[in-house]
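Report on the following structure.
Order of appearance sets the numbers: ligands from 1, and atoms from 1 within every ligand. Because only heavy atoms are used, hydrogens play no part in the values below, and waters and symmetry mates are left out as well, while side chains stay in.
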Amino acid sequence: MEFKGFTTKLVHADRLLNQPQDGAVHQPSCNSVLFEYKRVEELVDIFQGRQAGHAYSRQSSGSIDALQNMLSHMEGGIGALTFASGMAAITTSLLSLLKQGDHLILSQFLFGNTNSFAHTLRGFGIEVSLVDVTDVTLVEAAIKPNTRAVYLETIANPVTQVADLAAIGALCAQKGILYMVDNTMTPAYLFDAKEVQASLLVGSLTKYIAGHGHVLGGAVIDTGLYDWTRFPNINPAYQSQPAHLWGLIQIKKKGLRDMGGCLTPQSAHAISVGMETLALRLARSCENAIKLANFLSNHEKVAKVYYPGLCDHPQHQLARQHFKHYGGIMSFDLKPGYDCFAFLNSLKLVLNATHLGDTRTLAIPVAHTIYYEMGAEQRSKMGISDNMIRLSLGIEDIDDIVDDFAKGLDAL
Ligand code: PLP
């Protein structure tokens, strides 16, 4: 398919890549768990990898293949695997690629659940260093002989730090280290992961990609840029296959098949329909975000706004360099003395909810919810005040959003 436009490609991807029967424009969701073969030799060939086909839907099915094709096509990858949630994609990939004695460099600004999972990895004998990934020299200083991967998020939340994406990519390429990038906040329309030499893209489909708060999912996409012969943990049984496929084969067999966190066919279908409008929704959310960020940063009751689109954001230049727009997520601190609960309770349009990347604008008090488990000391080290509110901008009309915030702030 040679269409140039991002949305043109996506809107026609299911129809053209997956070729559903009877002229259907969507690959239907197929509920069969098992697949019958009239001749048992065929089933054996599928098991032994001599023939393509489906044996059992925990590993693969037509509905799941269809979404994986669309995701890989969207990111310009060589293949994708999907999972029951973003966390299933992240944990399954790490657990199937790493082993005891390995060292992993993680961003110190990670999504809370991924950060919490780092403790689980330590329990399995995997060394983990948490590093400030806004500065490549700190990542370089953390590399050890047993470092197997660097893992970061493009734009972190809630404080919106932007990683030194291209410099870290160049460093990983030079050292032969796997570069895992969670691009939940900046799917392909906003960010070209191959330009920064990302090896594996991991993250949530629940957010911008599905987009409507109606389905959970996660994915791993191989960009094809990493030389898997430099990765020492590939099971010898998979090394008879072409080397560019080794990573996904290992994640599929050791992870998806053995750990079982598979996506349902119904969810795959819902995600594939949602993603057709990804660019339209993202563009609108980002446009709303920059307008609201400007409104909030000029408001007398607001102490600070964290948004990469603002000129005083510490990584504004990095964001400008790498992203088409500055994202739909921001946070802000109310000035001390103003009650963030009273403010949130007064909002009429904006929802108090823990999610992001939705069509609706969402707000959440960070210290009391998503960063509560971390404790006050760690929160203060991370610059998270008790009055910080995280926002995910939806696609509503901006005047309604600003009006809701203005009235809420006036009421304080
Ligand atoms: N990665 C990032 C950056 C996230 O923000 C989230 C969830 O908010 C996840 C991963 C996990 O995704 P899911 O909720 O689909 O498990």
Aromatic plane relationship, F332 with F405 - under 30° parallel, 30 to 60° tilted, over 60° perpendicular: perpendicular

field: Nearest neighbour in protein (non-hydrogen) for atom 6 (C) of ligand 1
entry: F111 CE2, 3.5 Å

Anything under 3.5 Å between a donor and an acceptor, one on a side chain of residues 179-188, the other on a protein residue two or more places apart or in another chain? List them.
| unit_1 | atom_1 | unit_2 | atom_2 | d |
| --- | --- | --- | --- | --- |
| Y179 | OH | L165 | O | 2.8 |
| D182 | OD1 | T184 | N | 2.9 |
| D182 | OD1 | T184 | OG1 | 2.5 |
| N183 | ND2 | E75 | OE2 | 3.0 |
| T184 | OG1 | S204 | N | 3.0 |
| T186 | OG1 | T154 | OG1 | 2.8 |

Mutual orientation of the aromatic rings belonging to F231 and Y226 [parallel < 30°, tilted 30-60°, perpendicular > 60°]: perpendicular

query: What protein heavy atom sits nearest atom 2 (C) of ligand 1, and how far away is it?
result: D182 OD2, 3.5 Å

message: Looking only at distances, can you tell me whether any N or O atom of T114, backbone or side chain, sits closer than 3.5 Å to an N or O atom of ligand 1?
response: no

statement: Looking at K207, E153, H355, M87, the heavy atom closest to atom 14 (O) of ligand 1 belongs to K207

task: Go through ligand 1 atom by atom and flag the ones less than 4.0 Å from a non-hydrogen atom of G217.
output: 15 (O)

message: Rounded at 0.5 Å granularity, tell me how far OG in S85 sits from CG in L205.
response: 9.5 Å

field: Lys/Arg-Asp/Glu bridge criterion (N-O < 4.0 Å) met for D397, R284
entry: yes

- request: Find all atoms of ligand 1 within a distance of less than 4.0 Å from any non-hydrogen atom belonging to T206, and give their numbers and elements.
  value: 13 (P), 15 (O)

message: Quick check on contacts: which atoms of ligand 1 are under 4.0 angstrom from a heavy atom of G86?
response: 12 (O), 13 (P), 15 (O), 16 (O)

query: Hey, which atoms in ligand 1 end up nearer than 4.0 Å to a heavy atom of S85?
result: 15 (O), 16 (O)

List the atom pairs, donor and acceptor, that lie under 3.5 Å between side-chain atoms in residues 366-374 and the rest of the protein, sequence neighbours left out.
| unit_1 | atom_1 | unit_2 | atom_2 | d |
| --- | --- | --- | --- | --- |
| H368 | NE2 | D386 | O | 3.0 |
| T369 | OG1 | P365 | O | 2.7 |
| Y371 | OH | N157 | O | 3.1 |

- prompt: Relative to the heavy atoms of I90, which atoms of ligand 1 are at a distance of less than 4.0 Å?
  reply: 10 (C)

query: Do F124 and L98 come close enough that some side-chain heavy atom pair is under 4.5 Å?
result: no

